[in-house]
Every structure is written in C-alpha cells, then in structure tokens.
Undergrad: 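This is the structure I have questions about; it appears just below.
Nothing fancy with the numbering, it's 1 onward along the sequence.
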Amino acid sequence: MSKKMKTALVIINCILLAIGNCGGPLITRLYYRNGGKRIWFSSFLQTAGCPIIFLPLLFSFLRRRRRRKEEEEEAKTPFFLIKPPLFFASVVIGLLTGFDNYLYSYGLAYLPVSTASLIISSQLAFTALFAFFMVKQKFTPFVINAVVLLTLGAGILALHTDGDKLAKETHKEYVVGFLMTVAAAILYAFILPLVELTYKKARQQISYTLVLEIQMVLCFVATCFCLVGMLADGDFKVIAKEARDFKHGGSSYYTVVVVFTAIIWQGFFLGSIGIIFCASSLVSGILISALLPLTEVLAVLCFREKFQAEKGLSLFLSLWGFLSYFYGQIKSEKKKTPTQAQGTQLPQLPITDSVA
C-alpha cells in the first residue's frame, strides 16, 4: 500500500470513527428522550446499517474485474474474497458485538450521554490489558499510568450515583445502567484486540476490501442476534405505536431518527476496525477515548445535561490517562529503529485485492 493510500485510509476511518463515536450516543439518547423504550430495537439499529457496505464492495468488485480484463485473465472475478476460516471468526465476533450492543443500549437508556461516555473511557485500560495478552502489546509505565487514571475516573462516577439521574429514574435503574455500561466497555475492549488477532491469524491476505467484508459479516450477525431479542421481547408489536406517540414529529420524526441511528453507528464500527487495519486495536481504543471531550461537550449543549464536579474530575483523569499513553507512545516510537518499528505493525497489504 502506498504512503498516500495509507494516509487517505487513516483519515477516512478517523472521520468515520469521529462521526459514529460522537453522533451515535447522542442520537440513541435522542431516541430515548422522545419516548423510545425498546432496548433491543435500539441495539438492533447500531448494526442494521450494514447494507451500506455493499456500495464500496461493489466499487471494489468492478475495479478488480476491470483490472482482470485489462490483464486478460480468464479466471472469474469473485464478488466476495472472504474465506471460511475468516468468515467463521467474523461470525463469532459478530455475536459478541450484538451482545455488546445490548449492554450499551441498556446502559444508555438510564444514563446521561456524558456519564456513559466517561464510563466508556475506561475501555482504553481494558483494551490495553487484553491487547497485552492477545496480540503481545507491550506495557510501559505510561500505559500503566493510563490504566490507573482511567479506572479511577470511572470509579469516581460510581461513588456518586445520585447526582445525575434522569427524570423519573430510580436509584436501582441508575446502578443497573451504570453496571451495564461498564460491562459494555469491557466487552468491546475485548472485541478490538480480537479483531486484530483475527487479522494476524487469518489464512489469507488482509486488504481493506476484506476489512469491509469482515465488517459486513459481523454487523449482519450482530443485527440477527438483536433481531432475535426483538422477537422474544415483542418489539414488533409495539414499534408502530411507539412511532405514533414519538414526541416532536410523530412517525415521520421517528423514522428519521431510526434511519440516521443506523447510518451513524455504522460509521463507528467501520471506523474502529478500519483503524485496527491501518494501525492496531490499541490505537483504535485511544482514538475512541480521544473523542470523549467532544462527546461530553455535545451532550451538555444538546441535552443540557448536568456537569457536576465529579464529572469534571472524571473527565480530567480520563484526559490525563489518554495524554499519558499518547506521550509514552511518542517516546517509544522515537527509540525504535526502522526495523523494530516495522515489526510492531500489522502487515499492510495492497488495497487492490488479489484473490490469493
């Protein structure tokens, strides 16, 4: 992959991740604020936008087919490049993602966006821990410092659970929502290194087109997982009524929120696994944490959420942890020789995929 192509991919995936990471929680909270109550349906929407991925896959297919014709190759051009081992690995990751979607949707139903975002910031600590065991990510004093600070930040919120409860919410609902969000952070912290490990252990070359196929498979499986939950919980029986009773616009506004929820969350998932392809799972986790301040500000501005001293201190510790890790990585990269630096990255493969 050329340097320009790699840079373009990094920029594109960072933009997708930023849109999804900041916009996803906000629009999901908008659904709940305006009368939405179906947690499984909200989980379903987080990955239901996966058919969008067919567009870039179609472009890639047409490009590969044209190139084969120009090279006068007789073999047919397959639409999908993914092979069974990678396909089944993507199915497993998809099931975990579907369950993670439910945990997060449940938590966000009972927590303000700002609080949920601060809890999710602890994900970086767990990502570093899982990456250490799964993909041999090295620990440094700066990583350890980041882990401690992010854990303390989430712990401060746990000690002050009554200050920012939503209207008509019980203490029990708040606590359960808090614990569900923590569980979601831990599970997704496990998923990120698992994706990186899948890339490394795959029995075929990983290209960005193949990354798109992995994304489509895991999102489709996650969507089916949540669809089963919707059927079991009876969501389809009440969605039409929920749409009619939706505040500020009724069914039409409800449809807009639903459609944009699916699209925006798809940006988050594609951006996160795209950054893993371009760099690593830990870098993906760092970028998610780096977008925390913007999500915080948008939540306060859009929903007029409270921002008590505890949140301020938690945010400060989270940012301190992020900067500590980032500074450590800069120092570490400066000490590496070019050979060492190349050996710590995922092998970068041409975006113009070969079938082999």
Side-chain angles (χ1 to χ4, degrees), residues 14-37 39 42 45-46 103-124 149-171 173-182 184-185 188 246-249 253 256-257 260-261 263-265 267-268 271 285-323:
C14 283
I15 292 173
L16 289 173
L17 184 60
I19 294 172
N21 195 63
C22 296
L26 293 173
I27 197 165
T28 300
R29 183 70 235 158
L30 184 66
Y31 164 78
Y32 288 127
R33 279 176 61 96
N34 285 278
K37 297 178 181 178
I39 294 176
S42 176
L45 292 176
Q46 291 184 39
L103 293 174
Y104 183 72
S105 294
Y106 196 107
L108 200 58
Y110 297 108
L111 294 179
V113 173
S114 53
T115 302
S117 298
L118 285 168
I119 296 171
I120 292 296
S121 69
S122 64
Q123 175 180 295
L124 178 57
L149 291 171
L150 288 165
T151 303
L152 285 175
I156 288 172
L157 290 178
L159 294 174
H160 298 272
T161 57
D162 289 320
D164 63 343
K165 292 202 305 290
L166 300 172
K168 299 180 180 179
E169 181 185 61
T170 65
H171 177 77
E173 289 174 334
Y174 185 97
V175 171
V176 173
F178 187 97
L179 294 175
M180 286 289 200
T181 307
V182 171
Y188 200 68
F246 206 62
K247 300 176 183 177
H248 308 299
Y253 189 67
V256 171
V257 170
F260 274 90
T261 299
I263 294 173
I264 291 173
W265 274 115
F268 169 79
I286 290 168
L287 289 174
I288 291 172
S289 296
L291 293 166
L292 168 67
L294 180 56
T295 307
E296 288 284 315
V297 172
L298 291 174
V300 173
L301 292 177
C302 295
F303 301 133
R304 298 180 181 179
E305 294 183 354
K306 297 178 182 179
F307 199 82
Q308 307 96 323
E310 292 83 7
K311 284 187 182 180
L313 181 57
S314 180
L315 177 59
F316 171 75
L317 291 173
S318 298
L319 291 175
W320 185 7
F322 162 72
L323 292 174

Undergrad: Ignoring hydrogens, what is the shortest heavy-atom contact between Ile264 and Gly23? Give both atom names and the distance.
TA: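 For Ile264 versus Gly23, the nearest heavy atoms are CG2-C, 3.6 Å.
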Undergrad: Could you give the distance from CD1 (Ile120) to CG (Leu111), rounded to the nearest 0.5 Å?
TA: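 Reported to 0.5 Å precision, the distance equals 9.5 Å.
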Undergrad: Please round to the nearest 0.5 Å and tell me the distance separating atom OH of Tyr110 and atom OG1 of Thr170.
TA: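 Reported value, rounded in 0.5 Å steps: 8.0 Å.
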Undergrad: side-chain contact (heavy atoms from CB on, under 4.5 Å), that's the test. Do Leu103 and Thr181 meet it? Break it down for me.
TA: CA-CA 6 Å; Leu103 293 174; Thr181 307; over 6 Å; no
Undergrad: For Arg33 and Lys247, work out which heavy atoms get closest and say how close.
TA: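 Nearest pair, atom of Arg33 first, then Lys247: O-NZ, 3.9 Å.
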Undergrad: Aromatic contact between Trp265 and Phe260, with the criterion being ring centroids under 6.0 Å apart: yes or no?
TA: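 When the ring centroids of Trp265 and Phe260 are compared, they turn out to be at least 6.0 Å apart.
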Undergrad: Go through it in stages, so that I can follow the logic: the residues are Leu16 and Phe268, the test is side-chain contact (heavy atoms from CB on, under 4.5 Å), and I'd like the CA-CA distance, side-chain angles, deciding distance and then a yes or no.
TA: CA-CA 6 Å; Leu16 289 173; Phe268 169 79; over 6 Å; no
Undergrad: Is it the case that the side chain of Thr28 and the backbone of Gly24 share a donor-acceptor pair, with hydrogens and angles ignored and the cut-off at 3.5 Å?
TA: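 Such a contact is found between Thr28 side chain and Gly24 backbone.
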Undergrad: Working to the nearest 0.5 Å, report the span between OG1 of Thr261 and OH of Tyr31.
TA: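 Atom-to-atom, Thr261:OG1 and Tyr31:OH are 9.0 Å apart.
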Undergrad: Distance check, rounded to the nearest 0.5 Å: Ser42 atom OG versus Tyr106 atom OH?
TA: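 Spacing of OG (Ser42) from OH (Tyr106) equals 13.0 Å.
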Undergrad: Looking at side-chain heavy atoms only, is the closest gap between Phe303 and Leu298 below 4.5 Å?
TA: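 They are not in contact (no side-chain heavy atoms under 4.5 Å apart), so the answer is no.
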Undergrad: So, does Asn21 use its side chain to make a donor-acceptor pair with the main chain of Ile288 at under 3.5 Å?
TA: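 Yes: the side chain of Asn21 pairs with the backbone of Ile288.
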Undergrad: Specify the closest pair of heavy atoms between Cys22 and Leu294, including all atoms of both residues, with the distance to one decimal.
TA: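 What the structure gives for the nearest pair is SG-CD2, 3.7 Å.
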Undergrad: Nearest 0.5 Å, what's the CZ-CG distance between Arg29 and Leu108?
TA: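 Here the interatomic distance stands at 6.0 Å.
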Undergrad: Might you point out which heavy atoms bring Pro25 and Val113 nearest each other, and give the distance in Å?
TA: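 Scanning both residues completely, I find the closest heavy atoms to be O-CG2, 3.7 Å.
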Undergrad: Ile15: what forms a side-chain contact (heavy atoms from CB on, under 4.5 Å) with it, not counting sequence neighbours?
TA: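 Result, side-chain contact (heavy atoms from CB on, under 4.5 Å) vs Ile15: Ile11, Ile19.
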Undergrad: First locate atom OH of Tyr32, then atom CD1 of Ile27, and finally report the distance between them rounded to the nearest 0.5 Å.
TA: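 Output value for this atom pair is 13.0 Å.
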Undergrad: Can you name the closest pair of heavy atoms from Gln123 and Ala185 and give their distance?
TA: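 The pair with the smallest heavy-atom distance is CG-O, 3.7 Å.
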